[in-house]
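For ligands, and for the atoms within them, numbers begin at 1 and follow the listed sequence. We're numbering straight along the sequence, starting at 1.
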Amino acid sequence: MKYKYIDMPKTMKGTFGEGLYGFSWKEFVMTVPSPMFLVTTYKSNGQPNACMQSWATFTSADHGKGFYAILASVNKNGHLYKSLNEKTEAVINFFSAEYHSACMATIQHNQFDADEITESGLSVENAAWVDAPMVKECFMNLECKYVWEKEIVPGDDHVMICLEIVGVHIDEDHLADKTGDNGIMYNIHYPLDPENIGKTAHDYAGVLQKKIDVGEY
Ligand SMILES: Cc1cc2nc3c(=O)[nH]c(=O)nc-3n(C[C@H](O)[C@H](O)[C@H](O)COP(=O)(O)O)c2cc1C
């Protein structure tokens, strides 16, 4: 049996689903996990900025000549948006579960004057090909250049940003095995069951598990 929803279920009244924090109720009912990572840039004062992001995807384009990150929802009022517009370069850092809490701490250390990476207990390294900091403890760092931005709906306070991935640093263990316990973490954002709303909802962070060997090319 499938439930059908086109309007917000009445049971969700008073929850995040009512548009609180800018999230649609559909996000919590449909729950599509997306990869989590830290985007690092230099702020205009030279201090490293770190911003947790997860509404994002990755794709090749231009007939296979380039590989791109689409950050689907960057807050225009944050340091990431400002520093990306100023510097046009950034690093996307993927972390394992071990560093999840340190990466989350960057949200508390969000002051303009702060080195958000060091203050969160992580280590700054300079990127090799772009003018941006990267996080040493992260198992994969993608060095990126800004390409374009677009509002999903005109006038929105969040914007979709396309970054071209120019180069990568990958830990040898991750190179050998890209999923499992130490693989890329996914944001499982506040899954709600409108038919059983009494249960407390939580955010979760998960990893991928291989299920089917689809064969060779
Ligand atoms: C799991 C997780 C995912 C997030 N994803 C995004 C995102 O995709 N876009 C966004 O604008 N903020 C996102 N945030 C919120 C920002 O990380 C947070 O507001 C941050 O402090 C903003 O940093 P900034 O001022 O450097 O831009 C996320 C937060 C968490 C905990």
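- Nearest residue to atom 8 (O) of ligand 1 from Tyr81, Trp55, Phe37 is Trp55 (criterion: closest heavy atom).
- Here the heavy atom of the protein found nearest to atom 3 (C) of ligand 1 is Ser54 OG, 3.5 Å.
- Contact atoms of ligand 1 toward Met104: 31 (C) (distance under 4.0 Å to a heavy atom of the residue).
- Under 4.0 angstrom from ligand 1, the non-hydrogen atoms of Ser73 all belong to its backbone.
- When non-hydrogen atoms are compared, ligand 1 lies under 4.0 Å from the backbone of Asn75 as well as from its side chain.
- Ligand 1 places these atoms under 4.0 Å from at least one heavy atom of Val74: 11 (O).
- Considering backbone and side-chain N/O of Glu116, none are found under 3.5 Å from N/O of ligand 1.
- Here is the list of ligand 1 atoms found below 4.0 Å of a heavy atom in Met36: 1 (C).
- The proximity of His189 to ligand 1, defined as any non-hydrogen pair under 4.0 Å, does not occur for either the backbone or the side chain.
- Between the side chains of Glu125 and His169, no donor N or O sits under 3.5 Å from an acceptor N or O.
- No donor-acceptor distance shorter than 3.5 angstrom exists from the side chain of Glu143 to the backbone of Val91, with no hydrogens or angles considered.
- The protein heavy atom nearest to atom 2 (C) of ligand 1 is Met52 CG, 3.5 Å.
- Looking from atom 25 (O) of ligand 1 to the surrounding protein, the closest heavy atom is His79 N, 2.8 Å.
- No side-chain donor-acceptor contact under 3.5 Å links Asp62 to the backbone of Lys65.
- Of all atoms in ligand 1, numbered sequentially from 1 with element shown, those under 4.0 Å from a heavy atom of Asn49 are 26 (O).
- Not a single N or O atom of Thr106, backbone or side chain, sits closer than 3.5 Å to an N or O atom of ligand 1.
- Protein heavy atoms are absent from the space less than 4.0 angstrom from atom 19 (O) of ligand 1.
- Near Gly78, with a cut-off below 4.0 Å to any heavy atom, the atoms of ligand 1 are 25 (O), 27 (O).
- No path of Ile, Leu, Val, Met, Phe, Trp and Tyr side chains, each step under 4.5 Å between heavy atoms, connects Val29 with Ile188, placing them in separate hydrophobic clusters.
- Ile170 and Phe139 end up in the same hydrophobic cluster when Ile, Leu, Val, Met, Phe, Trp and Tyr side chains are linked at under 4.5 Å.
- Contact annotation: for Leu80 versus ligand 1, heavy atoms closer than 4.0 Å belong to both the backbone and the side chain.
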